[in-house]
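In what follows, a single structure is set out as C-alpha cells and then discussed.
We count residues from 1, following the sequence as given.
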Amino acid sequence: MSRSLRRGALAATAVVFSIASLAACGAGQDAQTLQIKPDNAAATKGDIEVQNALVITQGQKGEKGPAVVSATVFNNGTKAQTLDGITLPGGKGKVALKPAEGSGKVTVPALGYVVIGGKGNASAVIEDGAATVRDGEVQKVLFQLSSTGGVELEAFVVPATGAFAPFGPTAAPAATPSGTPSGTPSGSPSAGATGAAAGATPSGSASGSATGTPSGSPSHSAGH
C-alpha cells in the first residue's frame, strides 16, 4: 500500500511539473525574454524590450555606403504597437525604417516580437552611414514606439563581417556601371536608325525608278 502511494505521489509530481513548464512557456514573451541574457545592447521600458541592438556598417574598412540598425523588439503587452521611427540622437544620419513586406509602419504584435535587419525582416537603413558612424564606437539609438514612447540604448558599431554579415547593409552601387549602359545604347541605335531611315539614297532610288521609267516607256510605245 505504501509503495502504491509513493508511486502515485511521484506521478502527480511529474504531472504538476509538466504543467508548470508548459504554463511558463505559454505565459507570453515576458517569461521567455527574462531568461535571455544578450551580450549586445538591451533596454526595457514598459511593455517593450529591445535586445541585441547593433549598428552595422559596410564590411570593408573605408567603404562608402549606408549602415543599418539591427535589433529585436519584443512586445510583452496585450496590445500591438507600431515602431514609428529609429533615430540616432548623437549623429546626423537619417534612418529609413521599412516593414518586411509592403509599406507603412513596422508593427510589433502583442505578446510577440519583430526582427530588424537581415533577409526577410524589417529594415532600418542609416543613409550615408559611413560619414555618420565608425566601427568600434558606441552609438546612442532611440526606438520610438506608439504607446510606450522612446526606448533609448547605446549600441556597438560593428562592420558587416563574420556573424554580422547577414544583417549588414547592401553596398552602395557604383557610378560607372549605371552611366555606361545608359549612354552607349541610347546613342548608337538612334543615330544608325536615323541615317538609314532618313538618308537621301533610299528615297531617291525608289522614287526615280518608280515614277520615271514606268511613266515614260508606256507613253513612247503608245505613240508608235
Is the backbone N or O of Thr72 less than 3.5 Å from a side-chain atom of Asn52, with the two atoms forming a donor-acceptor pair by type? no

Taking the side chain as everything from C-beta on, heavy atoms only, tell me whether Val125 gets closer than 4.5 Å to Val95. no

Tell me, do Pro169 and Gln58 make a side-chain contact under 4.5 Å, heavy atoms counted? yes

Under the side chain to side chain contact (heavy atoms under 4.5 Å, CB included) rule, what do Phe74 and Val50 come out as? Steps first, then yes or no, please. CA-CA 6 Å; Phe74 292 89; Val50 181; over 6 Å; no

Flag side-chain contact, heavy atom, 4.5 Å: Leu88 against Thr132: yes

Under the side chain to side chain contact (heavy atoms under 4.5 Å, CB included) rule, what do Lys105 and Asp84 come out as? Steps first, then yes or no, please. CA-CA 6 Å; Lys105 295 182 179 180; Asp84 296 337; 3.3 Å; yes

Could you tabulate the donor-acceptor pairs under 3.5 Å formed by side-chain atoms of residues 145-158, not counting sequence neighbours?
| from | atom 1 | to | atom 2 | distance (Å) |
| --- | --- | --- | --- | --- |
| Ser146 | OG | Thr82 | N | 3.0 |
| Thr148 | OG1 | Gln81 | OE1 | 3.2 |
| Thr148 | OG1 | Gln81 | NE2 | 3.0 |

Can you tell me how far CG of Asp47 sits from NZ of Lys79, rounded to the nearest 0.5 angstrom? 10.5 Å

Closest approach of Asn75 to Ala80 (non-hydrogen atoms, all atoms of both residues): ND2-CA, 3.8 Å

Report yes if the side chains of Leu83 and Ile116 come closer than 4.5 Å at any heavy-atom pair, otherwise no. yes

For Val73 and Val108, work out which heavy atoms get closest and say how close. O-CG1, 3.6 Å

So do Ile126 and Pro66 actually touch side chain to side chain, heavy atoms under 4.5 Å? no

Smallest separation among heavy atoms of Gly117 and Ser70, with atom names: CA-OG, 4.4 Å

Report yes if the side chains of Ile86 and Leu142 come closer than 4.5 Å at any heavy-atom pair, otherwise no. no

What are the two closest non-hydrogen atoms of Phe167 and Val68, and how far apart are they? O-CG2, 3.4 Å

Going from OG1 on Thr57 to CG on Asp135, what distance comes out if it is rounded to the nearest 0.5 angstrom? 3.5 Å

Does any non-hydrogen side-chain atom of Phe164 lie less than 4.5 Å from one of Leu54? yes

Smallest separation among heavy atoms of Ala124 and Leu97, with atom names: CB-CD1, 3.9 Å

Smallest separation among heavy atoms of Pro159 and Gly59, with atom names: CB-O, 4.2 Å

